[in-house]
Amino acid sequence: RQFDCIVSNPPWMAMSKLAVNPYKTSLQTLADRYGIKPAGASHPHMELATIFLVCAVDRYLKAGGFWSCIMPGSLLSGLNHDHFRCENFRTARANVSIQINALWELPIDTFKNKAIVISGKKENQPTPDRLCGRVYSAPCAFSECGYTLNRQGSRSAWTNQGADVDVVDVINENPLRFYQGCDIFPRTALFHKFTERANGNWDISPIERTDDLWYLVSDSKIECCNELSGNNIDREYVFDAAISKHLSPFIVSEPAKVLIPGRKTAGEWQTISTADRVRMNTSTNAVFTQIETGVEEDLVHYFEDKINIYGKLRNQNFSTANWLVLSNASGANPCAAYVSLESLNRSRLIIDQTLYWYLAETEDEAVFYVGLLNSDALADAIKDFQPEGGFGKRHIHTLPYKIMPHYDPEQPLHIDVVEATKELIREWVEKCRSDAVLGAKLNPNSGALHSRRRRQQSAIKALGAYENYAAACSEILR
């Protein structure tokens, strides 16, 4: 028997929660026939509610009839609901003519989990580009809005924020705030060989191709100050810089000395004033004069408009917490590690723009983020949002931080990631100590960055603790 209208609250449950029995098999078959069965790793998290909705409309609703169902909020953007949002049921083997025309978000405390109401008709008409929407703040209080189905890469999401909003910004409304480092360029003007003098100042000379520091300037795209040298350079202008080439999975190499045309006073960055130039020793002033000539602008503008652009140097205040997480800014796959700032001279530390950084309140928080960032689960998750360029996937930039959840020490799954990551790090550090070849790959001058990391990642996957670690991360990012 068929009806003119269906109003329902179908059961909410992931398929993974059902025991292996004929009922579960029947539901899986239905999901496949209706074209809403998730692909890949999302398959176990198929939601019963969408199967019930499509099946009910198919079997029990008359053509032209209306339907309205209370559904889990994950229907808005969850990967396991992507085939439903994209209406694959229209072209499936058991195709169903379902038009969606309204979407309401219910008050957050209506049920234990976030809930929405979606409504429509059983007719072979396209779903409108803009769904009529409401956002309820209380049972009888709501604001009118419209919902669009936005797409980015292979992902989709319903949102009331506008058709131009990226999907990755919809699925996480409170992303982690990692900061990009400052622009230490041109490399050859600022990175040199540094030899410390008895008075604490430095002698500098050009980095040669045969030097262990060659990696600092090997990718330089601008030839500038290649022959710069000087004696007794004031230590006030010499800092420790971390760049992406110092970063291996779970391990950070020692930072490199760098000359910065700026100074720190009481923890605050200052440009070099005319009075500073008068007071500094002759050799230091001569080196800065050569840099001004090379970059073709005065030191104040070079510092503010290049190195500190967008405040990327001034906001590097590492005095507020003890655990520093570093993650790469380029490449198609994430790589991360953390260090204790108590082991470094944090007042002299600078992070380069090839890295993103985050200050963690506790070591466990740092371990949690580093574990997720190095995982295949996260690499797979961000691939859905990475556009393809002529040479493959584009650089990751801030994608990982928009997908990762905030660390919650009360969450059992988060604790699992921390414990599994700690064990993996312990094995990995021991492996690098005992294996001379792998240990040598931690040297930033030991070869191309992408090949070093690929070799390291392969070795990590062979460790005994890896399987448990990978499973813990997958549970978080499924």
Side-chain angles (χ1 to χ4, degrees), residues 166 168-169 172-185 187 190 239-253 255-256 258 260-264 266-271 302-374 378 382 385-386 394-407 449:
D166 284 342
V168 71
D169 294 321
N172 187 357
E173 296 178 352
N174 184 28
L176 286 165
R177 182 66 186 272
F178 274 63
Y179 296 89
Q180 188 175 23
C182 63
D183 292 18
I184 309 179
F185 291 105
R187 295 287 203 225
L190 304 176
F239 295 84
D240 301 316
I243 69 173
S244 185
K245 291 184 179 182
H246 291 130
L247 185 65
S248 296
F250 303 109
I251 297 175
V252 184
S253 301
V258 66
I260 297 295
R263 47 195 287 271
K264 291 186 85 171
E268 298 292 331
W269 281 98
Q270 307 290 334
T271 55
Y302 175 43
F303 178 89
E304 292 289 10
D305 300 339
K306 299 293 194 303
I307 298 173
N308 183 50
I309 188 170
Y310 308 127
K312 292 193 292 183
L313 179 57
R314 292 189 190 278
N315 67 13
Q316 294 188 24
N317 177 7
F318 303 123
S319 65
T320 59
N322 288 330
W323 303 98
L324 177 66
V325 177
L326 297 174
S327 178
N328 60 314
S330 61
N333 295 309
C335 176
Y338 77 95
V339 294
S340 168
L341 285 166
E342 293 180 329
S343 67
L344 301 171
N345 185 351
R346 67 179 82 197
S347 68
R348 309 302 292 174
L349 182 63
I350 294 174
I351 309 301
D352 175 61
Q353 59 94 29
T354 55
L355 293 171
Y356 281 88
W357 60 273
Y358 175 88
L359 286 181
E361 294 294 329
T362 65
E363 183 174 12
D364 281 359
E365 183 188 10
V367 170
F368 177 75
Y369 293 137
V370 166
L372 292 183
L373 283 164
N374 284 308
L378 183 69
I382 66 173
F385 302 100
Q386 286 175 281
R394 301 276 174 82
H395 293 319
I396 57 174
H397 296 297
T398 60
L399 271 177
Y401 324 124
K402 294 180 178 181
I403 292 175
M404 294 193 304
H406 288 257
Y407 174 61
L449 181 61

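As the structure is a prediction and not an experimental result, all values here were calculated from the model.
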Subject >> W357 side, atom CH2; Q316 side, atom CD - distance, nearest 0.5 Å >> reply: 6.0 Å

Subject >> The single option from V325, L324, I251, V252 passing side-chain contact (heavy atoms from CB on, under 4.5 Å) against Y338 >> reply: V325

Subject >> Side-chain touch Y407/E361, heavy atoms, less than 4.5 angstrom >> reply: no

**OP:** Decide yes or no for P249 and L373: does some side-chain heavy atom of the first lie under 4.5 Å from some side-chain heavy atom of the second?
**Re:** no

**OP:** With ring pair (Phe, Tyr, Trp, His ring centres under 6.0 Å) as the test, would you mind laying out the steps for Y356 and Y401 before giving the verdict?
**Re:** CA-CA 10 Å; Y356 281 88; Y401 324 124; 5.5 Å; yes

Subject >> Worked verdict on R314 versus Q270 for side-chain contact (heavy atoms from CB on, under 4.5 Å) >> reply: CA-CA 9 Å; R314 292 189 190 278; Q270 307 290 334; 5.5 Å; no

**OP:** Test side-chain contact (heavy atoms from CB on, under 4.5 Å) on K312 and Y179 and set out the steps.
**Re:** CA-CA 8 Å; K312 292 193 292 183; Y179 296 89; over 6 Å; no

Subject >> D364: partners by salt bridge (Lys or Arg N to Asp or Glu O under 4.0 Å), with sequence neighbours left out >> reply: K422

Original post:
Is there a side-chain contact between N328 and L449, using heavy atoms and a 4.5 Å cut-off?
Top reply: no

Original post:
Looking only at heavy atoms, which two atoms of R177 and Y358 are closest? And how far apart?
Top reply: O-CD1, 3.4 Å

**OP:** Would you check if I403 and P175 make a side-chain contact, meaning some heavy-atom pair closer than 4.5 Å?
**Re:** no

Subject >> Worked check of side-chain contact (heavy atoms from CB on, under 4.5 Å) between F185 and Q353 >> reply: CA-CA 10 Å; F185 291 105; Q353 59 94 29; 3.0 Å; yes

Original post:
Within a strict 4.5 Å, meaning less than it, do heavy atoms of the F178 and T398 side chains meet?
Top reply: no

Original post:
What are the two closest heavy atoms between A366 and W323, and how far apart are they?
Top reply: CB-CB, 4.1 Å

Original post:
Between P334 and L378, which heavy-atom pair has the shortest distance, and what is it?
Top reply: CG-CD2, 4.0 Å

**OP:** Side-chain contact test, heavy atoms from C-beta onward, threshold under 4.5 Å: evaluate it for F318 versus L359 and give yes or no.
**Re:** yes

**OP:** Taking the side chain as every heavy atom from C-beta outward, state whether S327 and L355 have any pair of such atoms under 4.5 Å apart.
**Re:** no

Original post:
Is it true that R263 and E268 have a side-chain N and a carboxylate O under 4.0 angstrom from each other?
Top reply: no

**OP:** Nearest 0.5 Å please: distance from the CG atom of L349 over to the CG atom of N345.
**Re:** 8.5 Å

Original post:
Under the side-chain contact (heavy atoms from CB on, under 4.5 Å) criterion, do V258 and I260 qualify, and how do the steps go?
Top reply: CA-CA 6 Å; V258 66; I260 297 295; 4.1 Å; yes

Original post:
Less than 4.0 Å between a side-chain N and a carboxylate O, is that true for D240 and R346?
Top reply: no

**OP:** Mind running salt bridge (Lys or Arg N to Asp or Glu O under 4.0 Å) on K245 and D352 for me, showing each step along the way?
**Re:** CA-CA 10 Å; K245 291 184 179 182; D352 175 61; over 6 Å; no

Subject >> Any donor-acceptor N/O pair, N317 side chain to S319 backbone, under 3.5 Å >> reply: yes

**OP:** Could you pull out the closest heavy-atom pair between I350 and C182, with the gap in Å?
**Re:** CG2-SG, 3.5 Å

Original post:
Looking at H406 and N174, what are the two nearest heavy atoms and their distance?
Top reply: NE2-O, 2.6 Å

**OP:** For residues A337 and F250, report the shortest heavy-atom separation together with the two atoms involved.
**Re:** CB-C, 3.3 Å

Subject >> Ring center gap for W269 and F239 short of 6.0 angstrom >> reply: yes

**OP:** To the nearest 0.5 Å, tell me how far K402 NZ sits from D169 CG.
**Re:** 4.0 Å

**OP:** Verify, without hydrogens or angle tests, whether N308 (side chain) and L313 (backbone) share a donor-acceptor contact under 3.5 angstrom.
**Re:** yes

